[in-house]
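Numbers restart at 1 for each chain; the letters A, B, ... are given by sequence-line order, proteins then strands. Only heavy atoms go into these numbers, but all of them, side chains included; no hydrogens, no water, no symmetry mates.
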Amino acid sequence: MPVARPEPQEPRVIAHVDMDCFYVQVEQRRNPELRGQPTAVVQYNDWKGGGLIAVSYEARGFGVKRSMRGDEAKRVCPGINLVQVPVARGKADLNLYRSAGSEVVAILASKGKCERASIDEVYLDLTDAAKEMLLQAPPDSPEGIFMEAAKSNILGLPSSDASEKEKNVRAWLCRPDADYEDKLLACGAIIVAQLRVRVLEETQFTCSAGIAHNKMLAKLVSGMHKPAQQTVVPSSSVQGFLASLPVKKMKQLGGKLGSSLQDDLGVETIGDLLSFAEEKLQEQYGVNTGTWLWKIARGISGEEVEDRLLPKSHGCGKTFPGPKALKNSASVKSWLDQLCEELSERIQSDLNQNKRIAQTLTLHARASKENERDSTKKFPSKSCPLRYGTGKIQEDAMKLFESGLHEFLESQNTGWSITSLSVTASKIFDIPSGTSSILRYIKGPSSAASPAIPDSSSVPDDPSLDNNVHVTPIHEEQCEPSISEKEDGKRYSSISAKQCPANEEKRIPKKLPEVKGTSSILKFLSRGQSALHEKRKSDVLICSPQGPGSSSEANKPEEHNVSGQAADRSNINSGGEPSGSNPWLFNVEDIDPAVVEELPLEIQREIQGWIRPSKEPSTKRRGSTISSYFPPARS
DNA sequence: CATTGCTAGATC
DNA sequence: GATCTAGCA
């Protein structure tokens, strides 16, 4: 249920930018022959022609709708081009669209706080940029890009014919007696128009946008005039606009809550909500939601634009409808392996490119039992600490599945079938790359450290217990060039399996921070703190006492990714950017506080920052991190 | 389960 | 952590 946020006093300028039929545009850029044609993107096509997930405006003109089947679309529009989503590992692969979305975000993030809201939508807080523009160059000269802004749609302005509209808009944008708030909004509209032009020039994609004083209103109108247009919401037009807005159109009211408003309170439009006292709404829906409803009816929304360009989780899944349902462990395992392979690749990229580490692995499934129809029983979701390495993820995911299955079956001996599977990596943290990116880990044993062994009964001793310190080999193709400076050919190495005490370690009683073979903190401590201070080369100190170059090369993706192990890293150069090299992985929660206390203060602070990453902007992101995520923006 | 495959947020 | 709601291509 939605919750109201305290709203800022100062008026803000917020934009919501939404790509026009995004997947179609991505495909049209790949194959320009599709431009201007009725086109749709479909997922799979073996069953009724596949499901449409994006439809071009030309195709919409023929009555083609999303969620039609390919066959149906062909009937309605025989000339339609149906482009299939790429398939990898037997499942739809959306990476093409994800990276296209990132191109757009990289551009839109240039003018203010930017929040990636979905693969093709962002919110911008342009308050500062708009104020600056107002101070330096009030919108009065119809030059250059200003022409674009003058094409905005202004909510509440009479916009009869096209030329009339532009004239009115220009008058609105430039009127000298405008409210300060309206002037800010006008500046926001100009900035957004500029950004949209840049997006088009640099990516060939068109988008639409809404500009208003809060996220809710910006989002509401971003799709009002599509494609490739923008709409501004002056304060003066808010009430009139909301008065007739069907409740279901409001974000958060498209589902059960909106239905309840209609069915239980007879509320059909947002305007209808105005007649309910805040207390009344609170008693019906609780304090939080009641207050939220009361406020949105008045156009009030305090939600802030988060400064976040990257997704908070990575998930991949697949459904197995009807006859495709999975009915034995072997088929589940092979599909789970495929899903985990993709997931592993994605989190590995995130680590290499963005220096972020995911900490939790979650498995979701849908299932039904043989015989038992209806069976409202749900297959339980399960999570565990995430260990890097495809093999480990596969292993852990399978354990989570087995654990969930036992619970689902309640020790009945009936047949089962799985109709969907998904794995998700979440709780993703930035790795500070600044100072002593030394960060290493340690781990303390708490039971939380061992992943996925919920059902210990089935598996005697789980190898995954060794996951204290994870070393992650970088995938070959993802290694960054800088790594090679150090030792060509062999960018990093990991200690060979036999040196690795992984197997022994798993039997080490908890609480014992890894001692042997691990480079971790112990080595660091044994050298005394002073060592740390002399240089930032902590990597050398900690990872490989003999020096980075000396370690052997055993760069195999995953399984050799022995945990508990120290691997060499590319980050040898002192203070320099740990560029692409892969840092060690660790579970933040596994850091033994007792050990941390023994570290030098400066390191302690750094680690603390990790464990509880500040929500404040300050420590939040580093430019280098972000920029490396996106393809180089041409300028 | 024939919409599929993602995401994010709130609640307890 | 597990579950539920919601939104979007």
Side-chain angles (χ1 to χ4, degrees), chain A residues 1-5 18-27 40-56 65-72 83-85 87 91-98 100-101 115-121 219 222-223 248-260 286 288-289 292 303 306 308 310-326 339 342-343 346 359-368 378-385 400 404 407 417-428 448 454:
Chain A
M1 304 273 261
V3 175
R5 300 292 175 203
D18 192 311
M19 306 306 294
D20 304 321
C21 54
F22 189 48
Y23 290 18
V24 167
Q25 286 204 81
V26 171
E27 296 299 342
V41 174
V42 296
Q43 249 173 172
Y44 313 119
N45 68 352
D46 54 338
W47 197 74
K48 299 190 176 179
L52 273 58
I53 56 177
V55 179
S56 75
K65 299 264 189 39
R66 212 173 58 195
S67 97
M68 270 181 176
R69 293 290 177 178
D71 294 348
E72 201 180 348
V83 183
Q84 283 180 251
V85 169
V87 171
K91 66 178 289 297
D93 179 358
L94 304 179
N95 285 329
L96 182 69
Y97 313 109
R98 288 191 184 98
E115 172 183 334
R116 174 186 157 129
S118 79
I119 198 168
D120 83 318
E121 281 174 81
K219 163 86 177 170
S222 65
K248 291 277 194 177
K249 299 276 188 188
M250 177 72 68
K251 193 182 173 202
Q252 300 291 306
L253 298 184
K256 297 184 176 183
L257 181 54
S259 297
S260 168
N288 288 342
T289 302
W292 179 82
E303 233 185 308
E306 300 286 310
R308 181 176 59 75
L310 302 173
K312 289 184 163 177
S313 66
H314 299 288
C316 33
K318 178 165 177 61
T319 58
F320 307 95
K324 297 196 167 157
L326 312 181
L339 294 172
E342 182 189 319
L343 183 64
R346 285 167 56 194
Q359 297 211 167
T360 301
L361 174 69
T362 304
L363 175 129
H364 296 274
R366 299 200 57 178
S368 63
K378 299 202 182 311
F379 194 99
S381 299
K382 296 289 168 189
S383 345
C384 71
L400 292 176
E407 189 175 323
S417 71
I418 296 297
T419 56
S420 88
L421 283 176
S422 79
V423 287
T424 301
S426 61
K427 305 225 169 78
I428 303 179

>> For the CZ atom of Phe22(A) and the CD1 atom of Ile53(A), what is their distance to the nearest 0.5 Å?
In response: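 Separation between the atoms: 11.5 Å.
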Donor-acceptor pair, side chain of [X] and main chain of [Y], under 3.5 angstrom:
{"X": "Arg346(A)", "Y": "Gly315(A)", "value": "yes"}
{"X": "Ser259(A)", "Y": "Gly255(A)", "value": "yes"}
{"X": "Arg98(A)", "Y": "Ile119(A)", "value": "no"}

[X] [atom1] - [N] [atom2] separation (whole Å):
{"X": "Asp20(A)", "N": "dA9(C)", "atom1": "CG", "atom2": "C1'", "result": "13 Å"}
{"X": "His364(A)", "N": "dG1(C)", "atom1": "NE2", "atom2": "P", "result": "12 Å"}
{"X": "Lys378(A)", "N": "dC1(B)", "atom1": "NZ", "atom2": "C1'", "result": "13 Å"}
{"X": "Met1(A)", "N": "dG7(C)", "atom1": "CE", "atom2": "P", "result": "13 Å"}
{"X": "Gln252(A)", "N": "dG9(B)", "atom1": "CD", "atom2": "C1'", "result": "8 Å"}

Heavy atoms under 4.0 Å, any strand shown: does [X] hit a base, just sugar-phosphate, or nothing?
{"X": "Pro380(A)", "answer": "sugar-phosphate"}
{"X": "Ser420(A)", "answer": "nothing"}
{"X": "Leu253(A)", "answer": "sugar-phosphate"}
{"X": "Lys248(A)", "answer": "nothing"}

> Do any side-chain nitrogens or oxygens of Ser383(A) fall under 4.0 Å of OP1 or OP2 in dA2(C)?
Replying inline: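 Yes, such a contact exists.
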>> For dC8(C) and Lys219(A) - does any side-chain N or O of the residue sit under 4.0 Å from the phosphate oxygens OP1/OP2?
In response: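 Answer is yes, contact under 4.0 Å.
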>> Among residues at least two apart in sequence or on other chains, which ones pass side-chain hydrogen bond (donor to acceptor under 3.5 Å, both in side chains) with Glu407(A)?
In response: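 In terms of side-chain hydrogen bond (donor to acceptor under 3.5 Å, both in side chains), with neighbours along the sequence ignored, Glu407(A) is linked to Lys382(A).
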> Do we see a donor-acceptor contact under 3.5 Å between the side chains of Lys324(A) and Thr419(A)?
Replying inline: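 There is no such pair (donor and acceptor under 3.5 Å, judged by atom type) between the side chains of Lys324(A) and Thr419(A).
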> Glu27(A) and Tyr97(A): side-chain donor and acceptor closer than 3.5 Å?
Replying inline: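 Yes, Tyr97(A) and Glu27(A) have a side-chain donor paired with an acceptor closer than 3.5 Å.
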Among the candidates [options], find the nucleotide nearest to the side-chain atoms of [X].
{"X": "Asn288(A)", "options": "dT11(B), dC1(B), dG1(C)", "result": "dT11(B)"}
{"X": "Lys427(A)", "options": "dG1(C), dC1(B), dA10(B)", "result": "dG1(C)"}
{"X": "Ala54(A)", "options": "dA9(C), dT5(C), dT11(B)", "result": "dA9(C)"}

> Distance between the P atoms of dC1(B) and dA9(C), in whole angstroms?
Replying inline: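 The answer is 26 Å between these two P atoms.
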> Considering only the C1' atoms, how many Å lie between dA2(B) and dT3(C), rounded to the nearest integer?
Replying inline: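 Comparing C1' positions in dA2(B) and dT3(C) gives a spacing of 25 Å.
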>> Across nucleotides 2-7 of chain B, 5' to 3', mark each nucleotide with B, S or - according to how protein heavy atoms within less than 4.0 Å reach it.
In response: BBBSSS
